[in-house]
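Worksheet: the structure to be examined is printed underneath.
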Amino acid sequence: MLKNRLFLAGIILVLVFSLISGCNESKTIKIGTIQPISGQVSAYGIQTRDAIALAIEEINANGGVLGKQIELIVEDDENSPEKTTNAFKKLTAKDKVVAIIGALTSKCTLAITKEAQAKKVVLITSSSTNDTVTDAGEFIFRACYNDSFQGQVNAKFAYETLKARKAAILYDITNDYSKGLMSNFKSKFEELGGQIVAIESYSTGDKDFNAQLTKIKASQPEVLFIPDYYNTISLIAKQVRGQGMTIPMMGGDGWDEITNNAGDEVIGCYYSNHYSPDSDDADVQAFVQKFREKHKITPNALAALGYDAAYILVDAIAKAGSLDPVKIQQAMMETDKKMVTGQIRFNEKRNPIKSAVMLKVVKGSDGKLTTEYAGTVNP
Amino acid sequence: MGFLHEFLQQMVNGISLGSIYALLALGYTMVYGIVKLINFAHGDILMLGAFGGFFVLAAYGVTPLTFILALLVGMLVCATVGIVIEKTCYKPLRSAPRINALITAIGVSIFIENGARVVKAIGPNPKQFPTFKTVNFPIGDINISQIQIIVFVVSILLMFLLTYIVNYTKLGKAMRAVSFDRQAAYLMGINVDWIISFTFALGSALAAAAGILFASAYPQVEPYMGIIPGLKAFVAAVLGGIGSIPGAMVGGFIMGIAETLTKGFISSQLADAIAFGILILILVVKPSGILGKNVSEKV
């Protein structure tokens, strides 16, 4: 008898809990995000996650969206495409998220775009600049400019501002981001009348570049274009100077955070970025101030893009008035709003049309490396 | 820059890289010589050594004196870790089939890598290794950086020291005896357990030195940093003839030079393929490796 009663009580308890959790589920709207919280580009992943969380907090404090609070579910991809796929499966199958912000790097995002398109999950990557990212279909968006633009910006800057006529490129042949920037830089620089005197490559994870740099040095370039992420750049820069080369180096937005992750070798180098935290734009200043208050550091460009991506997505959900992915997708296409990284409007390939800033690495008055605004290039 | 200059410059690059491989390969070869175990955790000891040096240099700044201190601290820490690993993981398996110890070594390797990720002080994210400011010494058209010189000189000094210990001290004699015939050495009154521990300590200390030199040349430390150099050094040890100390040195330099020359004159994508191709070629022609000869040479 007692056993039976206990059994019954157990069943009731399970029922009650499932009801409670059921209620919870309908109260929130779940949004997933896949970011490299650990590993080679963790400085990006952590700040992007924090910026997205900041945006979601603000939205929730203002009453959420469609009368519900938003719940952000964060997954770590460790900058590995396989782990990104796993995270995507978890978010869509287990958590049943409405939409996903991510992944951060192009190679990780490319690992999930086809599946997101097939499953009709609205996916917005904050910072994957590789051109082919949005090719998978109409459900894939991005909040940043793409590499054909960024490569051209760098080529133009090298040719017109630095007055370089001979450029060399060292790139990661196993990385979609690096490859895309390499080819776009090369075609634009040659179109302008410059000459690419050396193109050398390496693979992700390589640490010794002396052999390639010796070859590059022999070709006597005036500028060296290295499109990769900050951790690899700091290694390459050290060896560039170790080989006795004093020419300026330049790169894309993957250089963001270089000032916290490299030595004096990168002084006098240039890179293109999505925004400058020193800008006097009101949206930029408001964001920088809020982020600083919470995390005690100046947000990098990836954080700004993450913040914008969250707002683009939530605005679209509000405009769609439903959680139907097709309606959210349509609302996304109608986005036209001034945000932190500029006016956001999508073209037919779901790429925003924005301008890029060029930054120069300099030594600050406190002896630490910092960046200096070196110009804006419009599309 | 003519072809000859470029070739000489690539040789400088290759020798610098090769000396790190050689230093690391010594650890593999010594442990194999004594207990017939491929210690796959050796590359991870390199990582721990690099972090040991990292903490010293981060705390006291980079001067020649702190660099030597970093080397000593890293080597001491890793020697201890090497002994602990040997006592806890490999010793209980000494009479078990060899494959058990091999799998344990892989387990230890994964444990150290992921353990380092969890420990707060190390963590999963890459850190900048404090290092000397780059200074160049141009010799004609050839350029040598002071890091390359430091790497080469320290490696050669340590290799001489090791050769001295193994060949001219009582301890070295005991090591050679244990390697030659453990049972007989035991019957002659040699404390075999202590000699095996000492070998692990010596190998691990060399790995730590290699780690600090590696991190000085490529200034970034993270938990997985030892995997690739570990693998390459293992190949170098097999190439030179596993169990042979001069073989490990020769193998290390061949690997470093082959890798650099392939990158410099053929294609950077083929660097590993050709380096490992050399290994296959040598093993086909001479299965015991370049200097791997009879048992009496092994240590």
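Numbers restart at 1 for each chain; the letters A, B, ... are given by sequence-line order, proteins then strands.
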* To do: Take N143(B) and M245(A) through the side chain to side chain contact (heavy atoms under 4.5 Å, CB included) test and state the conclusion after the steps.
  => CA-CA 10 Å; N143(B) 190 77; M245(A) 271 191 276; over 6 Å; no
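- For Q220(B), the parts lying near chain A are the backbone and the side chain together; criterion is any non-hydrogen pair under 4.5 Å.
- Among residues two or more places apart in sequence or in another chain, the side chain to side chain donor-acceptor pair (under 3.5 Å) test is passed with Q128(B) by S234(A).
- Note: Q239(A) CD to S145(B) OG = 8.5 Å, rounded to the nearest 0.5 Å.
- With a threshold of 4.5 angstrom between heavy atoms, L213(A) does not approach chain B through any atom at all.
- Atoms CD1 and OG1, from I142(B) and T214(A) in turn, are 10.5 Å apart once rounded to the nearest 0.5 Å.
- Side-chain contact check for Q243(A) and N13(B): at least one donor-acceptor pair (N or O, by modelled atom type) lies under 3.5 Å.
- The existence of a salt bridge linking R117(B) and E78(A) is confirmed by a sub-4.0 Å separation between a basic side-chain nitrogen and an acidic carboxylate oxygen.
- Within 6.0 Å of the OH atom in Y60(B), the count of heavy atoms belonging to other residues, nucleotides or ligands does not exceed 12.
- Among residues two or more places apart in sequence or in another chain, the side chain to side chain donor-acceptor pair (under 3.5 Å) test is passed with K90(A) by E75(A), D95(A).
- Contacts with chain B were tallied for A43(A), G242(A), S42(A); G242(A) has the most, counting heavy-atom pairs under 4.5 Å.
- Counting non-hydrogen atoms of neighbouring residues, nucleotides and ligands closer than 6.0 angstrom, the CZ atom of F7(B) reaches no more than 12 such neighbours.
- In terms of non-hydrogen atom pairs under 4.5 Å with chain A, the most contact-rich of D272(B), T262(B), V12(B), T131(B) is T131(B).
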* Give the C-alpha distance, both sets of side-chain angles, the deciding distance and a yes or no for side chain to side chain contact (heavy atoms under 4.5 Å, CB included) between K263(B) and K215(A). => CA-CA 9 Å; K263(B) 278 185 196 166; K215(A) 261 165 108 176; over 6 Å; no
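- Applying the 6.0 Å contact sphere to OH of Y224(B) captures more than 12 heavy atoms from other residues, nucleotides or ligands.
- Note that CG of N210(A) and CD1 of I147(B) are 11.0 Å apart. Values are rounded to the nearest 0.5 Å.
- Residues I46(A) and N125(B) meet the side-chain proximity criterion, which asks for heavy atoms closer than 4.5 Å.
- Atom-to-atom distance recorded for F129(B):CZ and L235(A):CG is 12.5 Å, nearest 0.5 angstrom.
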* **Evaluation steps, side chain to side chain contact (heavy atoms under 4.5 Å, CB included), between F214(B) and K207(A)** => CA-CA 10 Å; F214(B) 190 75; K207(A) 291 196 163 168; 3.9 Å; yes
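- The contact between A262(A) and chain B is made entirely by backbone atoms, counting heavy-atom distances below 4.5 Å.
- L17(B) touches chain A through its side chain: at least one heavy atom from C-beta onward sits under 4.5 Å away, while N, CA, C and O do not.
- For a residue to count as touching a neighbouring chain, one of its non-hydrogen atoms must lie under 4.5 Å from one of that chain's; by this rule E259(B) does not touch chain A.
- Ranked by heavy-atom pairs under 4.5 Å with chain A, the first of G123(B), P124(B), P126(B) is P126(B).
- For chain A, no part of F137(B) is nearby; none of its heavy atoms comes within less than 4.5 Å.
- Put simply, the side chain of Q10(B) gets close to the backbone of A211(A): a donor and an acceptor are under 3.5 Å apart.
- Note that the NZ atom of K217(A) and the CD atom of E6(B) stand 11.0 Å from one another [nearest 0.5 Å].
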* Any chance you could lay out the side chain to side chain donor-acceptor pair (under 3.5 Å) test for S268(B) and E200(A), step after step, and finish with the verdict? => CA-CA 8 Å; S268(B) 61; E200(A) 290 297 323; 5.2 Å; no
